[in-house]
Protein chains: 2
Amino acid sequence: MNDQEQAVLSELRAHGNKLTQARRAVVHALATSPVPLSINDLYPLAREINEDVGLVTVYRTLELLVSLGLARPVHLMDNCHGYTLATPGHTHHLHCRQCHRVIEFDGCDLGPLLERIAQQTGYHITGHWLELEGLCARCQQASDTRPAG
Amino acid sequence: MNDQEQAVLSELRAHGNKLTQARRAVVHALATSPVPLSINDLYPLAREINEDVGLVTVYRTLELLVSLGLARPVHLMDNCHGYTLATPGHTHHLHCRQCHRVIEFDGCDLGPLLERIAQQTGYHITGHWLELEGLCARCQQASDTRPAG
DNA sequence: CTACTTGCAAACACTTTGCAGTTGC
DNA sequence: GCAACTGCAAAGTGTTTGCAAGTAG
């Protein structure tokens, strides 16, 4: 069990929620996945951990996690969105289009850009959402060493 | 009828599609809306233009437009996505959290940021998706002149 | 032991499909 | 006039709700 998972479980308890087998399974699946998980990805993973988990509970647990700010929806360019555990602070996602691994990064110094846009448009910008797509180092190597075509 | 609408209709014809009343209504609604429209927004707007338009036709027309690259889905932070006519080139959206007006902007010089991220992560970055949220000039004024609270 | 949580089934909402009538060209 | 298109209704899919049984604390 990694730190993030531990932290999420603690937060759940701190808000008066019971740490049931089902919730542990859902959180564990999220915590150990390198990619954001849609409900359809998450459900079978949670069942691998605890085969009694029902689909409805996955929906409800995700809803709970998101409402407490412990998980967040990630928009994906292809299907609509998946969920990851929220890391504290402001982060963005970099998504590998081949293996779908997602890493988070922070320090998106958009400040100058946002200021310029604000001046040009007259908007008072209060939030931004940036998501990058690309090929991770591993997948680049894989396609380099593999014969083209 | 604005240029964009004209262009979309021409493209439709060029691909051998008939310019029916229903399609004209859907395209007109999209072309004249400052915000991306979800199906649920689009349907009543299309019906204002032509009350015979059916919901199914709205779905099918959007599908057609997207498949021809004439419209594109826009992810929104709250509900999942709406559609706008595609403007050529690479644009981003700036969304007013109060009136939901959306304006497009280009010239998102993310180049330096993307390079830095690429170096830090080893990713080869192939695409990005940036969405800003804020208050448009009009809504700022409205809340300035309105008594606080 | 009690209240919160669960899983099931049914309800619900949204989207797609099949088909006969209609319309653009 | 013909093929493409439309609207309706029905089927299909994904999500939420009601409730009795189960479980954490």
Side-chain angles (χ1 to χ4, degrees), chain A residues 1 5-6 8-30 36-68 70-71 73 75-76 78-83, chain B residues 1 5-6 8-30 36-68 70-71 73 75-76 78-83:
Chain A
M1 158 148 17
E5 182 174 353
Q6 196 64 260
V8 169
L9 295 179
S10 302
E11 273 297 306
L12 275 178
R13 288 192 68 160
H15 285 84
N17 299 288
K18 294 183 178 174
L19 297 191
T20 61
Q21 293 306 311
R23 284 176 181 170
R24 285 173 190 277
V26 170
V27 170
H28 184 72
L30 283 170
L37 298 172
S38 67
I39 298 262
N40 278 310
D41 303 327
L42 188 51
Y43 178 48
L45 287 176
R47 283 184 84 97
E48 275 179 28
I49 299 166
N50 180 336
E51 73 172 77
D52 294 333
V53 176
L55 179 59
V56 177
T57 300
V58 176
Y59 276 100
R60 287 194 273 221
T61 303
L62 269 180
E63 187 188 0
L64 175 64
L65 291 172
V66 170
S67 74
L68 292 177
L70 299 172
H75 288 243
L76 301 173
D78 35 356
N79 69 58
C80 202
H81 58 230
Y83 294 86
Chain B
M1 161 148 15
E5 181 175 352
Q6 196 64 261
V8 168
L9 295 178
S10 302
E11 273 296 304
L12 276 177
R13 289 194 65 159
H15 286 83
N17 299 289
K18 294 183 177 173
L19 297 190
T20 61
Q21 291 308 310
R23 284 176 180 169
R24 285 174 191 276
V26 169
V27 170
H28 184 72
L30 283 170
L37 298 173
S38 67
I39 298 261
N40 278 309
D41 302 327
L42 188 50
Y43 178 47
L45 286 177
R47 283 184 84 98
E48 275 178 30
I49 300 165
N50 180 336
E51 71 172 79
D52 294 334
V53 175
L55 179 58
V56 177
T57 300
V58 175
Y59 276 100
R60 287 193 273 222
T61 303
L62 269 180
E63 186 188 1
L64 174 65
L65 291 172
V66 171
S67 75
L68 293 177
L70 299 174
H75 290 246
L76 301 174
D78 34 356
N79 69 57
C80 200
H81 58 232
Y83 294 85

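In what follows, every chain begins at residue 1, and chains take the letters A, B, ... in the order their sequences are listed. Being a predicted model, the structure only gives us computed values, none of them experimental.
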Trainee: Starting at CD of B:Glu51 and ending at P of D:dC8, how long is that distance when rounded to a whole Å?
Mentor: 11 Å
Trainee: Write down the distance between CG (B:Leu55) and P (D:dA10), rounded to a whole number of angstrom.
Mentor: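 B:Leu55 atom CG is separated from D:dA10 atom P by 16 Å.
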Trainee: Classify A:Asn17 by what it touches in the nucleic acid, base, sugar-phosphate, or nothing, heavy-atom distance under 4.0 Å.
Mentor: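 Since only primed, P, OP1 and OP2 atoms lie under 4.0 Å of A:Asn17, the category is sugar-phosphate.
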Trainee: So, does A:Thr61 use its side chain to make a donor-acceptor pair with the main chain of A:Val58 at under 3.5 Å?
Mentor: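 It does not hold such a pair.
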Trainee: Let me spell it out: for each of B:Tyr59 and A:Val58, pick the nucleotide of DNA chain C with the closest heavy atom. Which residue's pick is nearer the 5' end?
Mentor: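 By nearest-heavy-atom nucleotide position, the 5'-most residue is A:Val58.
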Trainee: Tell me what B:Arg60 touches on the nucleic acid: a base, only sugar-phosphate, or nothing, going by heavy atoms under 4.0 Å.
Mentor: base
Trainee: Let me know the distance between NZ of B:Lys18 and C1' of C:dT23, rounded to the nearest Å.
Mentor: 7 Å
Trainee: Can you measure B:Ile39 atom CD1 to C:dT16 atom C1' for me and round it to whole angstrom units?
Mentor: 11 Å
Trainee: Within the 4.5 Å heavy-atom criterion, are B:Leu55 and B:Tyr43 side-chain neighbours or not?
Mentor: yes
Trainee: Rounded to whole angstrom units, what separation is found between the CD atom of A:Glu63 and the P atom of C:dT6?
Mentor: 12 Å
Trainee: Round to the nearest Å and state the distance from B:Leu65 atom CG to D:dC5 atom P.
Mentor: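 Rounded to whole Å, this separation is 12 Å.
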Trainee: Give a yes or no answer on whether the side chain of B:Asn50 reaches the backbone of B:Ala22 with a donor-acceptor pair at less than 3.5 Å.
Mentor: no
Trainee: Measuring from the side chain of A:Val56 (C-beta onward, heavy atoms only), which nucleotide among D:dT17, D:dT6, D:dA9 has the closest atom?
Mentor: D:dT17
Trainee: In whole angstrom, give the distance that lies between atom CZ of B:Arg13 and atom C1' of C:dC25.
Mentor: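 After rounding, the gap between these two atoms is 8 Å.
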Trainee: Tell me: CG of B:Asn40 to P of C:dC12, nearest whole Å?
Mentor: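 That distance rounds to 18 Å.
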Trainee: Measuring to OP1 and OP2 of D:dC5, would you say a side-chain N or O of B:Thr20 lies under 4.0 angstrom away?
Mentor: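 It does not, given that no N or O in the side chain of B:Thr20 lies less than 4.0 Å from OP1 or OP2 of D:dC5.
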Trainee: Do B:Leu19 and B:Arg13 have side-chain heavy atoms sitting under 4.5 Å apart?
Mentor: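 Heavy-atom side-chain distance check passes, below 4.5 Å.
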